[in-house]
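Data first, discussion second: the structure below is written as structure tokens.
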Amino acid sequence: IDSITIPEGSYQKSTTIPFNITANENLSWAGYRINSGTLTNMDNITLRKWTSTLSGLSQEAEHNLTIIVNDTAFTPNQGRTTRMFYTDTLAPRFSNVKATPSPANVSQSVNCSADISDTYNISSVKISENSLGDFENHTIDFSGNSGTISYNIAGSKLDNPGTYECRFYVKDSAGNSNYTSTIFNVNDVTAPSISVLSPDNITYDQNDIDLLISTSESVEWAGYSLNGNANVTLDNTSSSSWNATLENQEDGRYNIRFYANDSYGNIGSSNLIHFTIDSDTTDPVIDSITIPEGSYQKSTTIPFNITANE
């Protein structure tokens with residue numbers, strides 16, 4: 001038998017398999033036996049080429065096909081050969097598909113993983129993820145018929161909050177393929193930090209005090225609390241630069257704390273700033289003293305008064 005169209009050790013993706021054989025001479029008869037089944041006649045296309053169809057084969061199973069042929073001699077000479085092959089019509093299976101952690105914080109690495117299994121060898125594994133926008137494929141080294149596959153997405157690729165996806169592609173030695181996916185969320189759970197540019201922890205000689213802060217990220221709202229009172233909203237020149245002016249404040253001691261809220265509800269606060277307003281910078285003048293300049297006093301005990309201009 002020169003050839004059989006079912007290769008030795010091959011994986012067949014169907015339980016119904018047509019096949020041909022070719023002999024090196026004319027044959028008077030050809031037949032086959034699958035595993036330990038009955039001997040079945042084959043049909044001839046020519047005297048050297050014969051055909052038949054295997055059907056009803058078990059899925060994901062090993063089979064032995066024995067071919068027996070007789071030539072056209074008066075006393076037929078018999079030849080035989082055996083082919084071992086597999087039927088594998090089922091794709092690899094997935095379980096325990098996940099991305100951890102989910103949700104993750106911005107710039108935190110995420111591991112995408114899945115358990116896979118197949119009766120026979122898994123020949124190809126890829127994991128695709130869209131951390132940078134477009135999906136990027138990663139070939140995963142894998143051998144055997146079951147195990148865990150995974151890919152770790154670096155935190156540097158996850159610096160934008162949102163929903164992301166990991167896709168898993170596997171193929172077995174028979175060419176059966178399967179696909180699954182999982183999604184995960186990246187959230188911003190870090191509060192914005194606040195840099196207070198004004199006021200400082202000093203004494204001011206003016207009654208109008210500029211308030212100016214900058215934030216480490218874009219924020220939706222910023223405000224302040226003066227002396228522990230209710231929050232007052234600041235104005236802004238950008239989403240990270242906020243300002244206001246305290247006008248006509250009385251002289252005295254004050255404390256102020258600033259707050260900022262980003263689009264994910266994270267609230268940041270500044271250190272408490274202490275400042276003083278003392279707007280009177282003119283020295284007082286003494287208008288009068290009850291001891292006249294150059295006078296002579298007849299006692300060594302002298303009560304006296306002064307009068308100031310303020």
- [ ] Kindly indicate whether the side chain of I153, heavy atoms from C-beta on, has any atom under 4.5 Å from the side chain of C112.
- [x] yes

Open item on the list: Looking at every non-hydrogen atom in both residues, tell me the closest pair between F184 and C166 and how far apart they are.
Closed with: CE2-SG, 3.9 Å

Open item on the list: Checking Y259 against R257 for the side chain to side chain contact (heavy atoms under 4.5 Å, CB included) test, could you report, in this order, the C-alpha distance in whole Å, the side-chain angles of both residues, the deciding distance, and whether it holds?
Closed with: CA-CA 7 Å; Y259 301 91; R257 191 186 301 274; 3.2 Å; yes

- [ ] Using side chain to side chain contact (heavy atoms under 4.5 Å, CB included) as the criterion, point out the one residue from L65, T40, I67, I68 that pairs with R33.
- [x] I68

- [ ] Evaluate side chain to side chain contact (heavy atoms under 4.5 Å, CB included) for L90 paired with T119, printing each intermediate quantity in order.
- [x] CA-CA 9 Å; L90 302 180; T119 299; over 6 Å; no

Open item on the list: Name the residue from N64, L57, L39, I17 that meets the side chain to side chain contact (heavy atoms under 4.5 Å, CB included) definition with I34.
Closed with: L57

TODO: Report yes if some heavy atom in the side chain of L226 is under 4.5 Å from a heavy atom in the side chain of V232; otherwise report no.
DONE: no

TODO: Calculate, to the nearest 0.5 Å, the distance between atoms CG and CG belonging to N248 and D208 respectively.
DONE: 5.5 Å

- [ ] Group every Ile, Leu, Val, Met, Phe, Trp and Tyr by side-chain heavy-atom contacts under 4.5 Å, then state whether L246 and L212 land in the same group.
- [x] no

- [ ] Tell me whether Y11 is reachable from M84 by hopping between hydrophobic residues (I, L, V, M, F, W, Y) whose side-chain heavy atoms are closer than 4.5 Å.
- [x] yes

Task: L27/N44 under side chain to side chain contact (heavy atoms under 4.5 Å, CB included): CA gap, chis, key distance, verdict - done: CA-CA 9 Å; L27 302 178; N44 66 299; over 6 Å; no

- [ ] Starting at CD1 of I116, measure out to CZ of F142 and round the result to the nearest 0.5 Å.
- [x] 4.0 Å

Open item on the list: Is it true that, when you exclude L272 itself, more than 12 heavy atoms of the residues, nucleotides or ligands shown sit nearer than 6.0 Å to its CG?
Closed with: yes

Open item on the list: Can a donor-acceptor pair be found, under 3.5 Å and without considering hydrogens, that links the side chain of N207 to the backbone of Q249?
Closed with: yes

Open item on the list: Has S123 got a side-chain atom pairing as donor or acceptor with D172's backbone, closer than 3.5 angstrom?
Closed with: yes

TODO: List the atom of S279, the atom of D251, and the distance in Å for their closest heavy-atom pair.
DONE: OG-OD1, 2.9 Å

Task: Nearest atoms (heavy-atom pairs only) where A30 meets I21 - done: CB-CD1, 4.1 Å

- [ ] Start with the C-alpha distance between K98 and T182, add both sets of side-chain angles, then the distance that settles side chain to side chain contact (heavy atoms under 4.5 Å, CB included), and finish with yes or no.
- [x] CA-CA 6 Å; K98 60 185 178 181; T182 187; 5.5 Å; no

- [ ] Evaluate whether atom CG of D134 has more than 12 neighbouring non-hydrogen atoms of other residues, nucleotides or ligands under 6.0 angstrom away.
- [x] no

Task: Considering all heavy atoms, the nearest S225-N231 contact - done: CB-OD1, 3.5 Å

Open item on the list: Tell me whether the count of non-hydrogen atoms from other residues, nucleotides or ligands lying under 6.0 Å of NZ in K157 goes above 12.
Closed with: yes

Open item on the list: Do D43 and S52 make a side-chain contact, defined as non-hydrogen atoms from C-beta onward lying under 4.5 Å apart?
Closed with: no

Task: No-hydrogen, no-angle side-chain donor-acceptor test under 3.5 Å, S131 and E129 - done: yes

Task: Donor-acceptor under 3.5 Å (S216 side chain, S193 main chain) - done: yes

Open item on the list: Counting C-beta onward and ignoring hydrogens, is there a side-chain heavy-atom pair between F94 and V170 closer than 4.5 Å?
Closed with: yes

Open item on the list: Quick check: closest heavy atoms across P199 and L211, and the distance to 0.1 Å?
Closed with: CD-CD2, 3.6 Å

- [ ] Check Y32, W50, F85 against F19 for a ring-ring contact (aromatic ring centres under 6.0 Å, His included) and give me the one that passes.
- [x] Y32

TODO: Indicate yes or no for a side-chain donor-acceptor contact from T307 to the backbone of D287 under 3.5 Å, with no hydrogens or angles considered.
DONE: no

TODO: Hey, could you give me the CG/OG1 distance between D278 and T203, rounded to the nearest 0.5 Å?
DONE: 7.0 Å

TODO: Report the distance from atom OG of S198 to atom CZ of F275, rounding to the nearest 0.5 Å.
DONE: 8.5 Å

TODO: Give the cluster check for I213 versus W221: same hydrophobic cluster or not, with ILVMFWY residues linked at side-chain heavy-atom distances below 4.5 Å.
DONE: no

TODO: Would you mind reporting whether Q59 and T15 have side-chain heavy atoms less than 4.5 Å apart?
DONE: yes

Task: Main-chain N/O of G144 paired with Y120 side-chain donor or acceptor, under 3.5 Å - done: no

Task: Straight-line distance of I273 CD1 to I256 CD1, nearest 0.5 Å - done: 8.5 Å

Open item on the list: If we ignore hydrogens and angles and just use 3.5 Å, is the side chain of N26 paired with the main-chain N or O of L47 as donor and acceptor?
Closed with: no

Open item on the list: What I'd like to find out is whether the side chain of Q297 reaches to under 4.5 Å of the side chain of P292, using heavy atoms alone.
Closed with: yes

Open item on the list: Within the structure provided, determine whether N266 and P192 are in side-chain contact (heavy-atom separation under 4.5 Å).
Closed with: yes

Open item on the list: Could you see if V106 belongs to whatever hydrophobic cluster contains Y164? Use Ile, Leu, Val, Met, Phe, Trp, Tyr and a side-chain cutoff under 4.5 Å.
Closed with: yes

Open item on the list: Looking at H274, is its backbone amide N or carbonyl O close enough to the side chain of N255 to form a donor-acceptor pair, meaning the two atoms are under 3.5 Å apart?
Closed with: no

Task: Gap separating the CG atom of N121 from the OH atom of Y86, nearest 0.5 angstrom - done: 8.5 Å

- [ ] Kindly say whether N77 contributes a backbone atom to a donor-acceptor pair with the side chain of D71 at under 3.5 angstrom?
- [x] yes

Open item on the list: Is there a side-chain contact between N105 and T190 in this structure, where contact means two heavy atoms from C-beta onward sitting under 4.5 Å apart?
Closed with: yes

Open item on the list: Please check this pair: side chain of N305 against backbone of T290, looking for a donor-acceptor N/O pair closer than 3.5 Å.
Closed with: no

- [ ] Might you confirm whether atom CG of N96 has over 12 heavy atoms from other residues, nucleotides or ligands at distances under 6.0 Å?
- [x] yes

Task: Non-hydrogen atoms of S58 and H63 that approach each other most closely - done: O-NE2, 3.5 Å

TODO: Check whether any side-chain N or O of D262 sits under 3.5 Å from a backbone N or O of Y264 as a donor-acceptor pair, and report yes or no.
DONE: yes

TODO: Could you walk me through whether D118 and R93 pass the salt bridge (charged side-chain N to carboxylate O under 4.0 Å, His left out) test, one step at a time?
DONE: CA-CA 6 Å; D118 192 78; R93 276 76 69 188; 3.7 Å; yes

Task: Short side-chain donor-acceptor distance under 3.5 Å, N137 and S128 - done: yes

Task: Enclosure of Q78 CD (heavy-atom neighbours >12, cutoff 6.0 Å) - done: yes

